[in-house]
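One structure is given below, encoded as structure tokens.
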Amino acid sequence: MAAPPPNDGYGQYPPQQYGEQPQYPVDPAQQAYGSPASPPPAAASQHGAEHGKKKKRAYAAQAFEVATGGNAVVGGQPAAAQYGIPQPAAPGFGGYPAQDAQQVAYGAPTTPYGAPQPAVPGVGGYQAPDPYYSQGVPPAAVGPAPGGVAGITAGIQSMGFGGQPQQPQQLPAQTRGHVNQLYPTDLLNQPFNVAELELPPPPIILPPNSSVTPSPDANCAPKYVRSTLNAVPTTHSLLKKSKLPFALVIQPYAALHDLDDPVPVVQDQVISRCRRCRSYINPFVTFLDHGHRWRCNMCNLTNDVPQAFDWDAAAQKSVDRWQRHELNHAVVEFVAPQEYMVRPPQPLVYLFLFDVSYAAVSTGLLATSARTILDSLDRIPNADRRTRLGFIAVDSSLHYFSVPRDTEENGETSMLVVSDLDEPFLPVPGELLVPLTECRQNIESFLNKLPEMFANNQSNGNCMGSALRAGHKLIAPLGGKIVVLSSSLPNVGYGKLEMREDKKLLGTSKESGLLQTANSFYKSFAVECSKNQVSIDMFLFSSQYQDVASLSNLPRYTGGQTWFYPGWNAARAEDAVKFASEFSDYLSSEIGLEAVLRVRATTGLRMSTFYGNFFNRSSDLCAFPAFPRDQCYVVEVAIDENLTKNFVCLQTAVLHTTCNGERRIRVMTLALPTTTNLADVYASADQCAIATYFSHKAVEKALGNSLDAARDLPQQKLTELLQTFRKELGGGSMGGGLQFPSNLRGLPALCLGLTKHVGLRKSALIPSDIRSAALCQLSTLPLPLLMQYIYPRLYSLHDMPDNAGIPDPETSQIVLPPPMNLSSERFVPFGLYLIDDGQTQFLWVGRDAVPQLILDVFGVQERTQVAVGKGTLPELDNDFNERVRNVIAKSRDHKSKGVGSITLPHLYIVREDGEPSLKLWAQTLLVEDRADQGMSFQQWMGMLREKVSN
């Protein structure tokens, strides 16, 4: 049994910006390992749906009485409207038409719990993108207004907002054709709708017959590689004039396991590459000389086609060249022959460094870690039966464990203690890394006994720096992963750190110093690890200062990741379940070993800057001792020479060893059209990719310059773009609004979300550990999760559509309600809302929520009986409870977003009239509200308009 959590200020939820916070009661019956995760709820039954419809009128009437002070509802309308009194119309929003003000406020036509139904079908209230938008045909040419971003623009213009309807920006006659049309929009009168962030990027429109096969997969899908510009300027001067960044957002893997995201594999080891630039053959090459030669689409060199290219050696027969994967698919994997190996493929190695100090033992970290590894042994990749494990325990000394093979007579694991921290030696190096398959029973026995060995440990020492050096020495000959599980500040031996948190510095210009590493050991040691193919992952748990800023350098330069669990305690079931789930998924993830990443491009383009967790071994080579599947990377592209082709190609290659000991190359080829027209560049810009680039640049500023510089960057870049658009593309002649392309309409909201993010925003109440951990996420999260982290999702649950929270009949996937913009103006006092930033979820209960809603969702009679803070929803036998739980679970499901992630967000239950600090924390996610020292969205837009006008 773990000790109860101390009242340490991190408590049930981290004090992200409020310093000390009250402690919530802990159920003493909760065990150290928490409770097993409950099974997923079954699909809503027909009986449940009918039952919900019967309750609909009762919920709505109660909600309306609360909102109006007892006025009756007749025919689904407020009494005044029923008797013909004109009601004011609310202005349209995004893609929604104007709605009756009473309907917006009180929920007519009534649905469960008295809230409105969207008046327009489709995601978020507007219809699916129209195929004409993809082809760049203006609405006037096709009759009905198109959907998508253009549809929103056209729809609102037809309502009469923002002056005269605007025509799409026309191109010179000689350059018009298959391009994305530019649809200017007024940001002030045609506001952004959060559902626009779910739209795909502007389509990549290549010239006809650009690829050698007509395959629909010939160009790279955006889930692997996204460009900030889907039409590339032909000159450096045009790119500079646009003020738009040109960068790639690269995520080579879209899932944690190959089975969840299969990619075509070329098995025959026939790899055709350009002799000069070393690019891999791909769908955009040109065949010459009756197919005997091919011209490289990067450097134009002519190469011979390998003789075996059209021959199946296994079947001993010729094959159809045009069926080969590498000519039909932009994303392929080649099985690499011997010449791609510096040494034979190494086995998968995990070396666990356990903190066994008093803090780790008393919070249940040691017991939970050992139990999770024990339960996950079957999930650790081991198909080739070569995976090796090692274990070192750390307090003020080093404790090595020699695990014998199962066949040996004496099956007891022996512990060897080393107290010399300056030059730690390996007592029996050959017996400290053991094969999982051959030692399985003894490893299980050891993990069962490990918590008992240190149950009474009173040491507060932590020599993690010395342990890392010893671990590196142990696995350097093979390479592999060092997994650090630590609950305290390294305070003895190498890499010793001091308590340097000073609340007086928070919110000042000197705060940036707390985000720098305090000891050069951590960066220099990380670089040394990278050279020896050793990757480090940090799992940090602390109720007190742990110097995440220093420790996170280890994963940053070795291709690892930092996971931070502030105030974690296994006595809280939610804490134990979250860590056990994430750690088990982490152990099961397939990773690449001894990996390098390189991006090649058409002559005239150069990769100038790289962002992400790796070591830049040379100007264009990124080294990863282990290649994770849940991170993304940003590469900035420079135009060094004028581009003469009508499209360019950028090819990303990742050479790696799979968990099964097979050397492979994953190749991703992206083709983009070129343009001499600034309007094309803006019309093809990807707002989500641009926001990802800004996020990585801001983190670089925060770590290298100052937080002020990091905060200023999104605002400065956005202002430059607005000014350029106004000046160069006629935006200034269209009234007094703020003109911007419709495909970039969400960028101001994303930039505001970034400046107000916990990692960057100005505040004297954010501990530096919380800020440092957030910066780690801002610089590694895959694009879909990063967008949600910057601009969280808000769902209204009390009035969700009838199909929300139940499986879609065609896909069997749970349907989410339409997302809403992050403003408290969207809230009604009787509402129930879910706020989710991908890392944390808040279930917001309005102060006037009706008793029936409280009973159906929480199983209690009174709102004051709803327990606030970290928790879970009870499983109750009613339709609405099941639908709410389904929505919460679906919102947590990262796999459905096309990304790999181990994160299981905590759920915090917030009562509007409950705990003030918890309510305040939830409100900081409402990006469009004014909070702390951050401006509201209206103020932000006003400030931008003023800067642009001046």
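Values below: all heavy atoms of this structure, side chains included; hydrogens, waters and symmetry mates excluded. This chain uses plain numbering: 1 for the first residue, then up along the sequence.
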- request: Indicate whether the side chain of Asp808 and that of Gln813 have a donor and an acceptor atom separated by less than 3.5 Å.
  value: no

message: Show me the pairs that pass side chain to side chain donor-acceptor pair (under 3.5 Å) and involve residues 681-695, at least two apart or across chains.
response: Asn180-Ser684, Arg226-Asp686, Glu636-Tyr693

field: side chain to side chain contact (heavy atoms under 4.5 Å, CB included) evaluation trace for Asp837 with Ile790
entry: CA-CA 7 Å; Asp837 73 353; Ile790 293 172; over 6 Å; no

task: Return yes if some donor-acceptor pair links the side-chain N/O of Glu912 with the main-chain N/O of Arg847 below 3.5 Å, else return no.
output: yes

message: Tell me whether Asp186 contacts the main-chain N or O of Gln739 through its side chain, where contact means a donor paired with an acceptor under 3.5 Å.
response: no

Pairing residues for Lys223 by the side chain to side chain contact (heavy atoms under 4.5 Å, CB included) criterion, not counting sequence neighbours: Ala221, Ala254, Asp261

task: Not counting sequence neighbours, which residues clear ring pair (Phe, Tyr, Trp, His ring centres under 6.0 Å) with Tyr833? List them please.
output: His798, Phe827

query: According to the salt bridge (charged side-chain N to carboxylate O under 4.0 Å, His left out) rule, which pairs have a member within residues 781-795, sequence neighbours left out?
result: Glu198-Arg793

- prompt: Do any N or O atoms from the side chain of Asn821 and from the backbone of Ser823 form a donor-acceptor pair under 3.5 angstrom?
  reply: no

task: With sequence neighbours excluded, tell me which residues meet side chain to side chain donor-acceptor pair (under 3.5 Å) with Glu700.
output: none

- prompt: What residues, two or more places apart in sequence or in another chain, satisfy side chain to side chain donor-acceptor pair (under 3.5 Å) together with Lys697?
  reply: Tyr611

statement: Residues passing the side chain to side chain donor-acceptor pair (under 3.5 Å) test with Ser824, sequence neighbours excluded, are Asp929

task: Mind checking salt bridge (Lys or Arg N to Asp or Glu O under 4.0 Å) for Arg930 and listing every partner two or more places apart, or none if nothing turns up?
output: none

- prompt: Is the side chain of Asp848 donor-acceptor paired with the backbone N or O of Phe830 at a distance under 3.5 Å, no angle test?
  reply: no

task: Hey, could you give me each pair passing salt bridge (charged side-chain N to carboxylate O under 4.0 Å, His left out) that has a residue in residues 712-724? Not counting sequence neighbours.
output: none

query: Sub-3.5 Å donor-acceptor pair from the side chain of Arg892 to the main-chain atoms of Pro905, do we have one?
result: yes

Partner set under salt bridge (Lys or Arg N to Asp or Glu O under 4.0 Å) for Lys241, not counting sequence neighbours: Glu728

- prompt: Within the side chain of Thr185, is there an N or O that forms a donor-acceptor pair under 3.5 Å with the backbone of Pro741?
  reply: no

Residues Gln723 and Lys243: side-chain donor-acceptor under 3.5 angstrom: no

- prompt: Does Trp844 reach the main-chain N or O of Leu834 with its side chain, forming a donor-acceptor pair under 3.5 Å?
  reply: no

query: Is there a donor-acceptor pair closer than 3.5 Å between any side-chain N or O of Ser891 and the backbone N or O of Ile888?
result: no

query: So, for Tyr791 and Phe192, is the gap between ring centers shorter than 6.0 Å?
result: yes

Just distance, no hydrogens or angles: give the donor-acceptor pairs under 3.5 Å from side chains in residues 229-238, sequence neighbours left out.
residue	atom	partner	partner atom	Å
Asn230	ND2	Pro202	O	2.7
Thr235	OG1	Ser237	OG	3.1
Thr235	OG1	Leu238	N	3.1

- prompt: Any donor-acceptor pair under 3.5 Å linking the side chain of Lys947 with the backbone of Gly942?
  reply: no

field: Inter-residue atom distance Leu926.CG - Arg826.CZ, 0.5 Å rounding
entry: 11.5 Å

- prompt: Quick check: does any side chain N or O of Arg745 sit under 3.5 Å from a backbone N or O of Leu187, one acting as donor and the other as acceptor?
  reply: no

query: Taking atom CD of Gln938 as the centre, does the number of heavy atoms from other residues, nucleotides or ligands within less than 6.0 Å exceed 12?
result: yes

Which residues share a side chain to side chain donor-acceptor pair (under 3.5 Å) with Gln939, sequence neighbours left out: Ser936

